[in-house]
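The figures that follow rest on heavy atoms only: side chains count, while hydrogens, waters and symmetry mates do not. Treat the numbers as computed from the prediction; the structure is a model and nothing was measured.
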Amino acid sequence: MEWRREKKGLVLLCFVCCLTGFEAKGAEFSKKNERRVPNALSEMIGPGFLYTRDTGRCTPQYWSSRREAWPKSLPQDSSVSKVFGSMLLERYEPKLTLLDVIQRNDDNGGSIFIKLVKQASTALLNSYTRPDYPYNPWEVKALLLEAIFSEEDAASQAEVFSQANHGCS
């Protein structure tokens, strides 16, 4: 009987800690979007123990953590437009670096072009560092440049890169 009381107390304590660790984004947001069902993980700010990150060795999260050295031919502070070509200046700001784009969290629910460049940058890193990666660096660059002209192509190519990034080891 004693252990049940302790177990209930521990569960209650964990629940209270979870609730108090988060704070809602604001009343204005909920007033504007009353009919929409909120996504708890994306609309709350707090400790990261409820948010799971994909920790594979080829994901954007892995490369943004800097656990592995980046290839010397692809420095972290290289601008996206210099790495992939000047055609990207139409879609992305000139000072956007590879590390900046890989660290961004607005690719879900945001612009598909942000997701595309994030996944393409990760694919480029993987193509330089993983011998079994399905694309070589020139293919990654060419596929990105082909996909920046329409949202449908960008969404499709971003998903292809995402699957390749999550499937590699």
4.5 Å side-chain heavy-atom contact, Thr122 and Thr59: no

Distance, nearest 0.5 Å, that separates OH of Tyr62 from CZ of Arg67: 6.0 Å

Lys82 side, atom NZ; Leu98 side, atom CG - distance, nearest 0.5 Å: 12.0 Å

Side chain proximity check, Tyr92 to Phe84, heavy atoms < 4.5 angstrom: no

Leu125 backbone acceptor or donor facing Thr129 side chain under 3.5 Å: yes

Non-hydrogen atoms of Arg104 and Leu96 that approach each other most closely: NH1-CD1, 4.0 Å

Minimum heavy-atom distance between Trp138 and Asn136, given as atom pair plus value: N-OD1, 3.0 Å

Point-to-point distance, once rounded to the nearest 0.5 Å, from CD1 of Ile148 to CE of Met87: 4.5 Å

Side chain proximity check, Trp70 to Leu99, heavy atoms < 4.5 angstrom: yes

Considering all heavy atoms, the nearest Cys58-Arg130 contact: SG-NE, 3.5 Å

Close side-chain approach of Glu68 and Arg57, heavy atoms under 4.5 Å: yes

Inter-residue atom distance Asp100.CG - Ser64.OG, 0.5 Å rounding: 11.5 Å

Under 3.5 Å side-chain donor-acceptor pair for Ser162 and Asn165: no

CD on Glu151 to CG on Leu116, rounded to 0.5 Å: 11.5 Å

Shared hydrophobic cluster for Ile114 and Leu89 (ILVMFWY, side-chain gaps under 4.5 Å): no

Min side-chain heavy-atom separation Leu144-Gln157 under 4.5 Å: no

Side-chain heavy-atom pair Lys118, Phe161 within 4.5 angstrom cut-off: no

Spacing of Arg66 atom CZ and Gln76 atom CD [to the nearest 0.5 Å]: 5.0 Å

Contact summary for Pro134 and Glu139, nearest pair of heavy atoms: O-OE1, 3.9 Å

Heavy-atom side-chain proximity of Asn126 to Tyr135 below 4.5 angstrom: no

Flag side-chain contact, heavy atom, 4.5 Å: Leu124 against Lys141: yes

Trace of the side chain to side chain contact (heavy atoms under 4.5 Å, CB included) decision for Ser156 with Asp153: CA-CA 5 Å; Ser156 174; Asp153 292 343; 5.8 Å; no

Heavy-atom pair with the smallest gap, counting every atom of Ser81 and Pro94: OG-O, 4.0 Å

Distance-minimising heavy-atom pair for Gln119 and Pro60: NE2-CG, 3.8 Å

